[in-house]
Every structure is written in C-alpha cells, then in structure tokens.
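Residue numbers count from 1 along this sequence. Only a predicted model underlies this, so the values are computations on that prediction, with no experimental measurement involved. When reading the values below, keep in mind they use all heavy atoms of this one structure, side chains included, and skip hydrogens, waters and symmetry mates.
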Amino acid sequence: MKTIIHENMKGLLFKNGRFQKLLGAGKYRTWGGKVIETVALDAPLESAYCSLEVLLADPVIAAKTVTVEVGEQQLALHYADGLFCHALTAGKYAFWREGKNHEFRIVDVSRPEADPDLPVHLFSKLPGALYTKVEVAPHQKAMLFVDCKPVRLLDAGVYHFWNNDVSVEVKKADVRLCSMTVSGQELLTKDKVTLRITFVCSFRVTDPEKALTLVDDYVSQLYVAVQLALREYVGSYRLDEILENKEEISRYVLEKLAAKREELFVEITEAGVKDIILPGEIREIMNTVLAAEKRAQANVITRREEVASTRSLLNTAKMMEENPTLYRLKELEYLERICENVGNLQINGSGDLLTQLTALFRSGAT
C-alpha cells in the first residue's frame, strides 16, 4: 500500500497494531501488517491506534512536541507565536514544535465569574458552551445569584460566567422612571354597574438589591396592588359619584400604593385614570339625559333673554312717554334709517322737508 506524507504532516508507523516510529514527509509503501497513520502538524497530537502516552514514550516524538496537562475545573488557553489557537479542557495534550513557540495560560474555572484580567475579545473566540455572557445596560442594576444565593449587585457592563457545576442566575431591574398601564379592568360599582377602567402610573425602583432579592417579581406585585386598589374604590361608590369625582380615584390609589413602598421597594411618582368606558346601554341613557339637560339649559337662557328684551322695551317706552324730547329724537332716528334705505324720495306740498317727512311717518304709523 502506498502512502504519501506531505510537508505539513507527520506519519505514525504501526506494525500489527504496535507503534514503531515517526515518519517525516515522503512516499512510503507498507506491507506485512504495517499501517501508516498521518497526523497534521497544526493540530494536537493524537492517534486512533494508541494512546498519547505511548507516543510520548518515543524519544523522537517527545523531543519534537510540547505537552500541557489541564486539570479538573481548569481551562488552558493555547497561544502559538503569540496568537490564540485553542481553549483546552481537562486532559493531556501534545503539540508539534516545528519552529513555533507554544504558550499556555491556565485559567481556574471553579469560580463561576471569569477573571476580569482576561481580555474581553477572547471570549468571542471561545466555544459558546464554555461560558455565559451577561450584559447590564446603563439604566439597569442586576443581582447575581450563585447556587440560589445572592452574591452582589452588578453595575452596568458586560460579564462572563463559566459554565461549570455551579448554577448562576442574574436578575435585572430597570432603575429609570418607568410607566405601567393597567388596562381594561372590568369593575363593579356599588349600584351594580360594570365599568372598564384603564389606569396608568409612573414608578421608580428605590432599592434594586432588595427589590430583586426579597420580592418575587416586583412589577407583577405592583400591578396586582393597583388592581386591588381600583376594585376596592369602585366597589364603594355609585356610578354617578365615580364620574363626578374621577380625580379621587387617583388620590385613593396613590395612598394605597404609598403603603406598599416599604414592601416592594418602589416609589409611585404619579398615577391617574386614563379611560372609563361605560356599557353600551348605560352610555345611551347618559347621552339622553345629557341632551335633555342641555335643552333645558338652552330654554332657560332663551326665556331669560326674552324677559330682558321685553323689560328693556318697557323701560324705553316709559322714558319716551315721560320725555317728549326723547320721543322726538327717536322719531328722527327712524327717519334717518328710512332715508338710508330709500334711493329717491319725492314730496309735494307746503312746508319744509323735515316737517313733511315727519307728517308722512306719522300718517304711515297710523
């Protein structure tokens, strides 16, 4: 059997299953139970026919390779000529020298959090199964739990944790001013009318560490607290009272949530009713009542204006009756209006124009 070994390879010669020697580049023929296994120079030394210990027992192979042993709870970072090549888990490895300078950095992975001295860019070259990446945004705080025990609060940044036998969990809290909408809550009033209320509130986490360790999902707890406060208030008042004092709902809920501040470690800064939706039949009735009220108000205003106008006319008539000069001025005023609306006017007879117009006006009035 003919075998060709290239320059970037080595050959391992076996006879009847036993290792014989190391072969360099060239062309070889085998017979009589001999087998040549080729191995790459840029890969760790290993054979499908024997263990690494058997190969390293050969003085030639031992002189041409460099070995490293990685223990349990360890990771070896392999560098060749200063460039990262591999991440080696527990075991023994051998690499061909062949003019390369091999360096190994042993990393302890028994602790869950990666050493901060490790370059961050190195993790992008490691297999994803070796570690877990956690990102904490600038507006967040995160609580680190190791084996279900709280350890410390994490500030904004990027963290890496080794995937070992220790369980790691990170819970995050948004420390900005946040808003919550409790929408579509169907609530029953004291007079058995169903309302659908949408309520909004703004809150801020005051103690992220306690909120993440002592409260099971503080956001959900706050949501439930708003629901219960709304249900308690609406169930205590009639529909008319609720609609007349909508601002009271906000004040009531704020007071209730203020008592929860020490329990949930959040501060409610603002709260209010966004929408109140009535059932269809109730809405139609209220629209009818509102239209009737507006019509009644319009009638009252109309009657008030008519009375005021009549009273004004009566006062004018009394003044004209008591004062002939005023009566005469009123006649002249009407004559002026007539003249403004008449294009041509011909009057025949004796007397001046004003006297004739006055007489004409009086005769027309009778």
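The closest donor-acceptor contact from the side chain of E241 to the backbone of R238 lies under 3.5 Å. When atom types are taken as modelled, the side chain of E255 and the backbone of Y252 share no donor-acceptor pair closer than 3.5 angstrom. Not a single donor-acceptor pair under 3.5 Å links the side chain of D115 to the backbone N or O of L118. A donor-acceptor pair is defined here as one N or O able to donate and one able to accept, closer than 3.5 Å; such a pair exists between the side chain of H102 and the backbone of W96. One N or O on the side chain of Q185 and one on the backbone of S183 form a donor-acceptor pair closer than 3.5 Å. The closest donor-acceptor contact from the side chain of D108 to the backbone of Q74 lies at 3.5 Å or more, if one exists at all. Without hydrogens or angle criteria, K141 side chain to V136 main chain gives no donor-acceptor distance under 3.5 Å. Side chain of T189 to backbone of G235: no donor-acceptor contact under 3.5 angstrom is found.
For K100 and F95, the positive end is not near the middle of the six-membered ring at less than 6.0 Å and at most 45° from its axis.
For the pair E135 and K133, the salt-bridge criterion is met [side-chain N within less than 4.0 Å of a carboxylate O]. A salt bridge links R152 with E113: at least one charged nitrogen is closer than 4.0 Å to a carboxylate oxygen.
Using a 4.5 Å heavy-atom threshold, the side chains of T213 and M143 count as touching. When side chains are defined from C-beta on, E37 counts as touching Y49, because their heavy atoms get closer than 4.5 Å. Between V234 and L188 there is no side-chain heavy-atom pair separated by less than 4.5 Å.
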